[in-house]
Structures are given as structure tokens and as C-alpha cells.
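This report refers to the structure that appears directly beneath it.
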Protein chains: 2
Amino acid sequence: MAGSCLIEKIGYHIPLSATDAALLARLEEQEEPFRARATVRDIGQPADRLFVVRAGWFFSYMILPNGGRQIMHIHYPGDIVGIPDVAFARTSAALAAATPGRLCPFPKSALDEVFIRSPRLSALLFSIGMVEHAVLADRIRIISRMGAEARVTHFLLEVVSRLRVTRRDLQGHFELPLSQGMIGDAIGLTNVYVSRALKRMQGDGLIRKHAHGIDLLDEDEMKKRVDFEDRHFKIDTSWFPGS
Amino acid sequence: MAGSCLIEKIGYHIPLSATDAALLARLEEQEEPFRARATVRDIGQPADRLFVVRAGWFFSYMILPNGGRQIMHIHYPGDIVGIPDVAFARTSAALAAATPGRLCPFPKSALDEVFIRSPRLSALLFSIGMVEHAVLADRIRIISRMGAEARVTHFLLEVVSRLRVTRRDLQGHFELPLSQGMIGDAIGLTNVYVSRALKRMQGDGLIRKHAHGIDLLDEDEMKKRVDFEDRHFKIDTSWFPGS
DNA sequence: CGAGGTGTTGAACTTGGTCAAAAGTCGTGG
DNA sequence: CCACGACTTTTGACCAAGTTCAACACCTCG
């Protein structure tokens, strides 16, 4: 399993025993390709499978009563998709591809084995779930009372922080394969206002837009403006069971 | 441990073995009283303890860059508080008492033992964490693009659905010991607009306000308007490890 | 070359925020 | 038992941020 970004990502947090590595490898046995904008799974379907992202960007979303779309999470290579659905019989969010990519589906029941055979890995999965929780909490905080520029700022910082989990050396320059409409659907703005916010931020010298991405020119100032906290850098593994 | 609402709440989802019950009992060994509006714990403190709510309503909140307050969760008797902090060394939210109440603190390391000795209980804790996640996701969905009445409606439905976990027979009539300012801080509105929204909803015949609480007069209509989904009624335990 | 998705800009409009004042509520202490 | 003070709720007037609608330029990929 040479190029497994799941094992890479997990292994970043805790040393993996041979057993653990074998358990993880089982989650990536199958693989399925998706075209950009393809729907992987709709709302209300049986939540019997999870996925590992092998390549590409995916996102999960919910539908609003007025027909709009709320993007909940963006999933990057190495992420496990569907952890929140574990508690429910049916999916509460839909899943789609933002770019061309590949997913490895595995059955919910494979988690059984993890819980039985590796307390340590269970604790880590648990913690990863809680990181997702913290990310949502941060988003609520920023959406509920902060203005458009703050929302966009926070969103960009969150993306970069997520990318740095696997690309430690990433500078402020990155590709962003999401339309402004999608960004708006993630932070509760219209595409129109995302455009205006980006323009004003560029005027302020905080960012520079280019063809398929964005440069963060003054990341410290951006972080200061929204009290940004990096949730992905370090998980507290100190309390984990011994082996 | 006669009056333990933790064991009652947990036991509602899975049958508890003697071992499991003993593990849970250990989480309620100590008890501490709090006055209404007392702060239990601030942001940025060591996240080395969790709490079981023994009595009263508590809530956790974050501070916004502009000084405002975002209420993330309301904690009811029987709830475990602090699960999301498990992944981090320091707390990302503060905790305070909404009413007079009592908390049972226990060390994070007590989770160790749960993960080692009871895969089944670990899976349930995991799932409970994911329910909290779903609750936040629902809140984002409702905050990001829905109007004031929809937010208030959703909030009230969520409270009732939570109360029904331990009070199955609860009708639409209940006590709500939260000020309108607090409700606003939970759903991203000012106290002023919460007041106006409630008034309009009362005019529509959806609710009736009274001294310390609210009657839901047409719960079905309210649910329909916001696509409400009850996250607390049923956890999917089908995939849990055998014993 | 054409089509569909994407980004930009302007103008009118709406929702909810802000500020301020008055009325109601509750608990405490005298 | 009453009076006071702190907090909460309600209401009005004005204001600002973001939405909606529409038109147009752009780009990319058949």
C-alpha cells in the first residue's frame, strides 16, 4: 500500500503498529473514480458505507428548505468521509466531487474490527471526529455574527490549514478548485458577495487572486482579524490507551 | 448510583453490562454545585476534565472577535460535557451554568479505561459525539441562509427533541430557562430580533409564550417549515461490536 | 465555434442590527 | 411586606450589510 495518504495522515498523529496498519489497509481495498461535479451519494440513503479520499477534492452538503445548498465539509486526499454518519442509519448529507478524483468505499462494519482490535486507533478516530466537530463550531462562530470579509478570510485560512496536514511546507500560495458560488454555499453568502469580499480583500493587500487559486499575502494579519485557530496541526494523543 | 441520569440516558441506547455500568459509575463519583450564571471553565484552560451534568442546564460558548458570545451547546441533565475537547490539549469553549445545577467532573484519562475495557461503550461514546456533530451541522444549515423565524423555530424544536430523550412523554409545553439574549447568542440574532420573531410566531398561532416557557401549538407545521430532523431519538447501534 | 459554467458590476430592495427608552419581573434586604 | 436594583422584554426609528435581479465579459472544453 505504497501511496496511501490515509496511512500517511494517520501515521502523522500516532505511531502505527503492524496490526493498525493492516486494519487501515483494509479500508482502502476498493477504489472508484468520479468526474468533477459527480454526485457520490444523496441525502437519506443508507449510511452503511464510509469512504477514504484517494485523490481529488470532494465535499458534503445539505439542502436548505428554500432550495439552497449548504456545504458542510470539504474532503481532501487522505480524509475519511462519513464519520459523522456513523451514528445514524441514513445519511444526513450528500457527497459530491469538486474535482475529478477517486474514493475508496468501505463498510461501516469495518469499524467494528477497529474498535475491538485497536483501542488506540479507536481513540484516534474518535479524536478525528472531534476535530471535525471543532471545525463546524468555528464555522458557526464565524457565520453567525461576522461580516462577509471575515467569513471569507476564515474560510481561506481553514483550507490552507487543512492542506498543510499533508503538505507541511505549503506557503501562502495554493490552488483553489472551488467556484465562488461554492465558497458562498460553505459560509452562507451569495457568489456575488464572495466576489465583492475578495475584491476588497485584494484592495487591502491581504490576498492576490490568480487563475486557479489565491495567494495569502499577509496570513498573520488575516489570522488576527478572525481569531483563527488551527484545529488540524496537533491532536492531543496524551490520554490515548497504551498500545 | 440510584438517581444517575447518565446511566439512564446511556442505557436507553444499549443494554449495559455490569462492567459498563461500573465504568460509568466512576464518572459520577464527585459532584460540585453551581449557581445560575456561574462560569465553570474558561476558554484556553487545560482540557483535562470532562463533566456529567447531574442537575440543571449548562451551556458552552465561544467568544467572537467583536466581543459577542456564540453559544454552541446546551447541556441537559445526563449529558456528558466536553467530549469535543477530547482531541485538544486546551478547551476551545467556555462552560457556564444557565440555571442552578450540579456537575460531576472526571478526568480525561478515565476515557482510557472505557476504550480499553469496553469496545461497545467506546462505540456509543463515539456515536454520541457524532450526534453533537449533526446538531452543529443542522445549526449551520439553519443559521447560514434562513430567516429569523426559521432560526427560532429550529432552536425550539431542537430543545424539545433534546428534552424528550429523558422525558419521552413531553408534550409541546415546557419550561425554557434561557433569556432571549441567550437564544439569540445561540442562533446568531440579537435579543431584539428574537423578541420580534417570537411575537410574530405567536401571531401565526405556532407558539404561545408564558411566564417561564413556551407552548408549541403546531409542532408539525414548525417541523415542516424548517425541515426539522430529530437527531436524538435513535442512534444506529447496529454496527456496534458484539459485547 | 458555441455552450455552459464562472466572475464582475450596478441598482433597488430587504432583513436584521443598533440605539434608546419604557415597562415588566424577580430576588434580596430592610 | 414592601422597596430597591438588576436583569429582561418590548417597541420604535433609523441604518447598514448582504440579497436579488440583470447584464455582460471570460474562459474552457466539447
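All values reported here derive from a predicted model rather than from experimental measurement. Worth knowing before you read on, the calculation uses all heavy atoms, side chains too, and leaves out hydrogens, waters and symmetry mates.
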Please lay out, stage by stage, how A:Asp48 and A:Lys108 fare under the test salt bridge (Lys or Arg N to Asp or Glu O under 4.0 Å). CA-CA 5 Å; A:Asp48 49 3; A:Lys108 205 170 175 176; over 6 Å; no
Roughly how many Å is it from [atom1] in [X] to [atom2] in [N], rounded to a whole number?
{"X": "B:Leu198", "N": "D:dT8", "atom1": "CG", "atom2": "P", "answer": "15 Å"}
{"X": "B:Ile183", "N": "D:dT10", "atom1": "CD1", "atom2": "P", "answer": "10 Å"}
{"X": "B:Asn66", "N": "D:dA16", "atom1": "CG", "atom2": "P", "answer": "17 Å"}
{"X": "B:Lys209", "N": "C:dG24", "atom1": "NZ", "atom2": "P", "answer": "14 Å"}

Applied to residues 192-223 of chain B, the ring-ring contact (aromatic ring centres under 6.0 Å, His included) test, sequence neighbours excluded, yields B:His173-B:His210
Out of curiosity, B:Arg200 CZ to B:Ile207 CD1, how far, rounded to the nearest 0.5 Å?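 One gets 12.0 Å once the value is rounded to the nearest 0.5 Å.
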Euclidean distance, A:Leu50 CG relative to A:Ile83 CD1, rounded to 0.5 Å: 7.0 Å
Side-chain H-bond candidate by donor/acceptor type, B:Thr91 with B:Asp85, under 3.5 Å: no
Given A:Val135, which of A:His232, A:Met72, A:Met130 fulfils the side-chain contact (heavy atoms from CB on, under 4.5 Å) condition?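 By the side-chain contact (heavy atoms from CB on, under 4.5 Å) criterion, A:Val135 pairs with just one of A:His232, A:Met72, A:Met130: A:His232.
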Are B:Phe59 and B:His75 near enough that their ring centres are under 6.0 Å apart?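 No, ring centres 6.0 Å or more apart.
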Within the pair B:Lys199 and D:dT9, is there a side-chain N or O less than 4.0 Å away from OP1 or OP2? no
Distance below 4.0 Å between A:Ser195 side-chain N/O and C:dG7 OP1 or OP2: no
Is A:Val165 close to A:Phe233 at the side-chain level, that is, under 4.5 Å between some pair of heavy atoms? no
Once base and sugar-phosphate atoms are separated, protein heavy atoms under 4.0 Å mark nucleotides 18-30 of chain D, 5' to 3', with B, S and - as BBBB------S--
Got a list of protein N/O to nucleotides 4-6 of chain C N/O distances below 3.5 Å?
none

